[in-house]
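These notes are about the structure you will find just below.
Note that the structure is predicted; figures quoted are calculated from it, not measured. Chain naming here is simple, since letters A, B, ... match the order of the sequence lines and numbering starts at 1 in each.
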Amino acid sequence: MAPRPDGGGRLRPVGVDGEPLGPVEEVDDLAGRVAEWERVAGPRWVWPATAEVYPELLRAGVRVRRCHDLGLAEGLLLGWAGRHGEPRWWGAAWARSRGGPVPADPPAPRREESQPALFEPVAAGTPDVDPVDAMTAVWVDQARRVAGVDRPELMRLLVAAESAGSLAAAEMSHHGLPWRVDVHDALLTELLGPRPAVGARPGRLVELADRIGAAFGGRAVNPDSPAEVVRAFAHDGVAVPSTRSWVLRGVDHPAVEPLLRYKELSRLFSAHGWSWLESWVRGGRFRPEYVVGGVVSGRWASRGGAALQLPRVVRRAVVADPGWVLVVADAAQVEPRVLAALSGDRRFAEVAGEGDLYAGVAAEVFGGDRQRAKVALLSAMYGGTSGGAGPLLAVLRQRFPEAVEFVEAAARAGEEGRMVRSRLGRTSPPPSAGWRAVVEQGADPGAGEVEERQARRVARGWGRFTRNFVVQASAAEWALVLVAVLRGRLAPWAGSAELVFFQHDEVVLHCRREVADRVREEVRAAGVEATRWVFGATPVRFPLGVSVVDCYVDAK
DNA sequence: AACAAATGCGCC
DNA sequence: AAAGGGCGCATTTGTT
C-alpha cells in the first residue's frame, strides 16, 4: 500500500511471492478501502512505515490485524549485514535492491502539494515505476534476505514481531493511558504547595532553598547549580566530587537533608509537574509516542512526556475509568532468565524455573544471600565489578560456567570489534572508526603505556556494551513477542480491553471490570506463548506478575 | 541569541 | 585497585 498525504492512496493485492492478485486501485478514501479489505480478507498490509500510516487509519476508526513495516524490516536486515547507519526507509531499500544510488532521507511530507511526497523518490529515478510495484519489490527482496540469514525462522519471527509491535504502539498512543488530572494536581499541591506563577518556584521549593542557604551559613546557593553547591560544601571544608544524590547521602552536613529533598521535589516539578500535565495529558489520556526499535538493543524509545520514565509517585494519577480496571503485568527478572535460556546452562535454567531467581541462585552458591546473588548476576550482565562483584562473579562462574561464559564470549567479541547478535538476530552496531583507531594504536608495538591503557579501557567499554547487548536485546525480543501475541489474543475484546502502556518488561491494559479475569488469563497465556516462540522448548520460565487494580501505583 | 556539552535523575 | 548496560528530559554551563 502506498498512502498519499491527502488520505488517498494506491494499493494492490499480491500473493506470498509478490505476484499480483488483482489490479492496482487508486482510492481517495484509503481508510475506507483498508477497512473493507480487513472485513473480507484480513491481509498483511505491506506499507512504508506503521508510524506514518497507521495513526491516521486509527483516527478514522480502522484497525488492521497484520502488517509488514518496510522501514523496520529494512533496519533489521541492514543491521544483520553490519550496515547500521544506512538509510532504512523503503525508498532507500528499493534503490538498494536495484543497485542504484541510495537516497539519504525520505522527503518531508508536504501535505499541500499536489505531488505526493512518498512517490517522489521513485518518480525521480524512474518516472514510470508505480510505488505499489516498488514496495512489492522491496518486500520480496526483504523476504529473500531474511531467508539468507543463518536462522531464517528466527529472523522471520523478529520481523513479524517488530511489525506487530508497531501496530500495538500506534494503538496504545491512540487509546492513551487513563490519566486523572485532578489526582495529579492534588498530588503536586500536596508535595510542592499550590501551583506557582509562570517562571516561579513552588512554595515548598523556595522554603527548601532557604533552608539550604541557611545551612551554608546564609550564603546564597542555587541548589539547581551543581557547581555552586560543590563550592558551598568546599567553603565549609567538605570536599564532594559531585552533587549526585548517592554521593550526598554519605556526607555529614546540615545542608544534605534539605538538598536531597529539594532535588527530589524539583525534579517532580520540572519533569512531571503542571506544565507536563498541560503538555501531555488531553481528554483524560496520556498519549506518548513510542519509537519501536528506537534503541539499538531493540527496546522501544518514546518521544514526548518521558513516557518510559514515569516516576512511581505520579503513577497515582493513572486511574481506570469507572467500571474499568487496569491489568498490570510485570515480567520478573527477565534479563537473567533470558541469559539462562540463551546460554543453555542446565543448572542455571533450573534455578530460573518458577519463583525468585535471585533467591534460587543465592541458595545454590551464596549461602542464601540474595543480595550477593543479585550483585553477581548484574555484574555478569552489565560487566561491572564494583561493590566487590568481581569475586562474586568468579563464584557464579564455578557453578554456572556456561551462563557466565556466554556473556564473557559476547564481551570478548566486543573488545575485538566483532558484532554480536540477539536470540532472534538483532545485531549490535560495529564500533566506530574512532574506536578502532584507538584500539589499534594501543596494539601497536611502539605504543606507550598511556596509549595501551586507553586502548584497553576503550575496548573493555565496548565489551561491556556487547556483553549487555545479547541479554538486553534478547529480553526486548521476548517482551516484543509478548506484546505481539497479547495484541492478537485481545482482538476479540476490542472495545472492552486495550493495551495502553508498555515499558520494557511491563504491560498495562485498560479493560472492563467484568472481563478482567479472562484478560488476566490471556496475559499469562501470552507469556507462555512468547517464551515458546522465542526460546522454543526451554525449561526456563518467565513468570508474569499480574495485578488487577484501579490505580497503577497499587500494582504488585 | 542559539547551540552543544555536561550534569543529574527518572525508568528498565 | 578499580572497573557498571540502555534510554529521555530539564537545567546549568560553556562556546560560538
Atom-to-atom span, [atom1] of [X] to [atom2] of [N] - whole angstrom:
X: A:Gln309; N: C:dG6; atom1: CD; atom2: C1'; answer: 11 Å
X: A:Gln472; N: C:dG4; atom1: CD; atom2: C1'; answer: 13 Å
X: A:Asp330; N: B:dC11; atom1: CG; atom2: P; answer: 13 Å
X: A:Trp276; N: B:dC9; atom1: CH2; atom2: C1'; answer: 17 Å
X: A:Arg244; N: B:dG10; atom1: CZ; atom2: P; answer: 12 Å
X: A:Leu265; N: B:dC9; atom1: CG; atom2: P; answer: 13 Å
X: A:Lys263; N: C:dA10; atom1: NZ; atom2: C1'; answer: 13 Å
X: A:Trp462; N: C:dG6; atom1: CH2; atom2: C1'; answer: 12 Å

Proximal nucleotide (of [options]) relative to the [X] side chain:
X: A:Arg267; options: B:dG8, C:dT13, C:dG6; value: B:dG8
X: A:Gln503; options: C:dT13, B:dC11, C:dC7; value: B:dC11
X: A:Val295; options: B:dC12, B:dG8, C:dC7; value: C:dC7
X: A:Ala301; options: B:dG10, C:dT12, C:dC7; value: C:dC7

Counting only side-chain nitrogens and oxygens, does A:Asn468 get under 4.0 Å of the OP1 or OP2 atom of C:dG4?
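Negative; the distance criterion is not met.
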Please determine whether a side-chain nitrogen or oxygen atom of A:Ser245 lies at a distance below 4.0 Å from atom OP1 or OP2 of B:dC9.
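Yes, because at least one side-chain N or O of A:Ser245 sits under 4.0 Å from OP1 or OP2 of B:dC9.
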Quick one: sort the A:Phe269 and A:Trp274 rings into parallel, tilted or perpendicular, breaks at 30° and 60°.
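Perpendicular, since the angle between the ring planes exceeds 60°.
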Looking at C:dG4 and A:Tyr382: do their rings stack (centroid distance under 5.5 Å, interplanar angle under 30°)?
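According to the criterion (under 5.5 Å, under 30°), no, A:Tyr382 does not stack.
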Is the ring centre of A:Phe501 less than 6.0 Å from the ring centre of A:His510?
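A:Phe501 vs A:His510: aromatic centres not under 6.0 Å.
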What integer number of Å spans the P atoms of C:dG4 and B:dT7?
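My reading of the P atoms in C:dG4 and B:dT7 gives 16 Å.
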Please determine whether side chain to side chain donor-acceptor pair (under 3.5 Å) holds for the pair A:Thr427 and A:Arg421, giving the CA-CA distance in whole Å, both sets of side-chain angles, and the decisive distance to 0.1 Å.
CA-CA 4 Å; A:Thr427 306; A:Arg421 303 191 201 278; 2.7 Å; yes
From CA spacing to verdict: salt bridge (Lys or Arg N to Asp or Glu O under 4.0 Å), A:Arg412, A:Glu415:
CA-CA 5 Å; A:Arg412 283 197 301 275; A:Glu415 288 173 22; over 6 Å; no
What I'd like to find out is whether the side chain of A:Val338 reaches to under 4.5 Å of the side chain of A:Phe542, using heavy atoms alone.
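A:Val338 vs A:Phe542: side chains touch.
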